[in-house]
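Per chain, numbering begins at 1; letters A, B, ... match sequence-line order.
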2 protein chains.
Amino acid sequence: MTAPVGWEAIRAEVLRRIRVRDWAPGAVIPSETDLAQEFGCARATVNRALRDLAQAGVLERRRRAGTRVALHPVRRATLDIPVIRAEVEARGQAHAFRVLKHVTALPPPPVAARLGIAPAAPLRHILTLHLADGRPFLVEERWLNPAVLPDPAPDFAAMSVNEWLVMNVPYTSGDIAFSAEAAGAVEARALGIDAGAAVFVTDRTTWTDGMPITAVRLVHVPGYRLHTSL
Amino acid sequence: MTAPVGWEAIRAEVLRRIRVRDWAPGAVIPSETDLAQEFGCARATVNRALRDLAQAGVLERRRRAGTRVALHPVRRATLDIPVIRAEVEARGQAHAFRVLKHVTALPPPPVAARLGIAPAAPLRHILTLHLADGRPFLVEERWLNPAVLPDPAPDFAAMSVNEWLVMNVPYTSGDIAFSAEAAGAVEARALGIDAGAAVFVTDRTTWTDGMPITAVRLVHVPGYRLHTSL
DNA sequence: GAGTGGTCTAGACCACCAA
DNA sequence: TGGTGGTCTAGACCACTCC
């Protein structure tokens with residue numbers, strides 16, 4: 001065997017051994033120390049390769065117990081979630097948006113529950129239609145915690161809420177859910193489609209340091225596909 | 001300032017400086033060497049923290065050019081894609097499946113194109129209904145390259161194709177697309193829903209070393225949600 | 001050419017946890 | 001309690017690329 005050089009080569013070699021069943025699913029593989037000796041490199045280099053594979057879901061590592069080949073190989077894919085404007089422009093289309101509605105109101109109970117706030121706390125309710133080359137792209141329905149807004153509130157007609165938040169309240173934690181739903185009347189009219197058409201929906205809720213920021217629901221135009229690679 | 005200890009503390013401190021606009025989007029931050037000196041740690045530790053943030057999409061790093069705060073903060077989420085059986089069992093439900101159809105046939109041109117093979121090459125065409133607690137969960141329509149099957153072909157009535165592939169053809173590369181569609185007649189009948197209902201669809205194509213393995217289309221029962229966190 | 005990040009080394013200490 | 005992975009160090013060389 002030619003000795004692998006570099007942590008990527010070691011990763012490739014480890015993958016090869018898994019593929020050819022040299023190391024079977026569930027089996028413990030040699031320790032970092034042993035592999036470093038076999039490959040003729042420092043343990044840190046082996047560590048780098050194995051850590052990468054563990055993050056990818058191929059290996060499971062536990063102190064003392066050692067490193068095992070994952071029994072139920074969970075494929076882990078990464079999704080890029082860009083600003084809507086960037087997503088449209090990445091398709092080579094021109095982005096524009098129109099604020100359809102902007103009020104302060106009480107959120108419906110499910111939204112309040114998702115954000116973890118009292119249902120009696122009023123939030124900004126903003127409905128935005130995003131356009132790609134002038135054609136409807138998606139409807140953004142957002143409930144926004146007014147506490148994150150500066151005193152002279154930003155002009156959401158100039159910069160979309162989506163973009164303002166990303167630029168001004170960075171790195172929040174949150175969760176996302178994707179689903180397929182039948183378009184409601186409001187969304188259908190905004191998107192120019194028939195009510196009841198199958199639409200791709202993204203529900204996102206974000207916090208920063210435990211403070212709820214926003215709950216947003218993106219209703220994409222029919223035909224939208226969310227892509228990624230393994 | 002209390003000196004951060006450990007690469008995670010350094011990552012947190014860097015994030016804090018970005019959040020408070022100490023380092024603005026697009027701006028170049030100090031070099032690893034400088035930060036290591038400031039934090040009183042080795043450069044490798046700073047490197048670990050910055051590399052992690054770059055992978056998360058918060059920073060952009062280029063040799064010689066230095067490290068910049070990302071201008072268009074792309075959120076990067078990771079999706080876990082388990083075996084269907086594991087996904088059902090993770091909900092605390094019992095998994096079962098029925099093979100509805102299993103033939104050798106020519107794939108429709110779009111499928112052949114996606115796999116990158118000649119349209120005249122026959123593939124296995126397998127339609128499987130997956131059940132959760134006895135109720136329809138999803139329909140799996142798969143086109144499978146027969147070249148990956150061993151000579152006594154596995155018994156897909158005992159182990160689903162999905163699971164057999166994951167256990168026997170590990171770590172392929174591929175791509176995934178998610179979309180919302182109106183249920184077709186066949187899928188609707190199998191899932192026990194009305195044709196035209198909005199269904200969540202996963203399209204996955206996988207290769208190994210450039211050899212096409214399979215193209216699969218998962219049609220989920222209405223109400224299915226794909227979850228992840230940021 | 002010079003300065004950046006990318007990587008590797010040889011060694012060390014520590015947290016954890018199965019035996 | 002010993003062996004494992006997790007991390008850190010201080011130093012080094014290299015690849016890349018902007019100037």
Fill in: Presence of B:T33 side-chain N/O under 4.0 Å of C:dT4 phosphate oxygens OP1/OP2
no
Worksheet item: Are the side chains of A:T128 and A:V139 in touch, meaning some heavy atoms are under 4.5 Å apart?
Response: no
Practice prompt. Can you check whether any acceptor in the base of D:dG6 is under 3.5 Å from a donor in the side chain of A:R43, or vice versa?
Written response: yes
Response to the item:
Among the nucleotides D:dT9, C:dG5, C:dA18, whichever has the atom closest to the side chain of A:R62 is C:dA18
Fill in: Nearest listed nucleotide, side chain of B:R63, among D:dA15, C:dA15, C:dT7
D:dA15
Worksheet item: How close or far is atom P of C:dC8 from atom CZ of A:R11, stated in whole angstroms?
Response: 11 Å
Discussion item. Any donor-acceptor pair under 3.5 Å linking the side-chain atoms of B:R43 with those of B:T33?
Written reply: no
Practice prompt. Give me the ring orientation class for B:F178 and A:F178: parallel if the planes are under 30° apart, tilted from 30 to 60°, perpendicular past 60°.
Written response: parallel
Discussion item. Pick the closest DNA chain C nucleotide for B:D34 and for B:R51 by heavy atoms, then say which residue is nearer the 5' end.
Written reply: B:D34
Discussion item. From CD of A:E32 over to P of C:dC8, roughly how many Å is that when rounded to an integer?
Written reply: 14 Å
Worksheet item: Separation of A:I10 atom CD1 from C:dC8 atom C1', in whole Å?
Response: 10 Å
Worksheet item: Given C:dG6, is OP1 or OP2 found less than 4.0 Å from the side-chain N or O atoms of B:R61?
Response: yes
Practice prompt. For A:R114, check side chain to side chain donor-acceptor pair (under 3.5 Å) against everything at least two apart and list the hits.
Written response: A:T205
Practice prompt. Find the distance A:L35:CG to D:dG6:P and express it as a whole number of Å.
Written response: 13 Å
Discussion item. Just the rounded figure in Å: distance from P of D:dG6 to CD of B:E8.
Written reply: 12 Å
Worksheet item: What nucleotide, of C:dG5, C:dC8, D:dG5, holds the atom closest to the side chain of A:W7?
Response: C:dC8
Discussion item. Heavy atoms from C-beta onward define the side chain here; which of D:dA10, C:dA18, D:dC8 lies closest to that of B:A44?
Written reply: D:dA10
Worksheet entry | Whole angstrom value for the distance that separates C1' of C:dG5 from CZ of B:R48 | 16 Å
Worksheet item: Which part of the nucleic acid, if any, lies within reach of B:T67 when heavy atoms closer than 4.0 Å are counted: base, sugar-phosphate only, or nothing?
Response: sugar-phosphate
Practice prompt. Measure the distance from CG on B:L50 to P on D:dC8 and round it to the nearest whole Å.
Written response: 13 Å
Worksheet entry | Full working for salt bridge (Lys or Arg N to Asp or Glu O under 4.0 Å) between A:R204 and A:E140 | CA-CA 11 Å; A:R204 201 160 63 219; A:E140 169 194 355; over 6 Å; no
Fill in: Among C:dT9, C:dT4, D:dT9, the one nearest B:C41 by side-chain distance
D:dT9
Item to complete: Round to the nearest Å and state the distance from B:E60 atom CD to C:dG5 atom P.
Response: 14 Å
Item to complete: Go through the side-chain N and O atoms of A:T78 and B:R76 and say whether any donor and acceptor fall under 3.5 Å apart.
Response: no
Worksheet item: A:A65 or B:I29: which one's nearest nucleotide on DNA chain C is closer to the 5' end?
Response: B:I29
Worksheet item: Should A:N47 be listed as having a side-chain N or O under 4.0 Å from OP1 or OP2 of D:dG6?
Response: yes
Worksheet, complete the sentence: Out of D:dC19, D:dT9, C:dG5, minimum distance to the side chain of B:R64 belongs to D:dC19
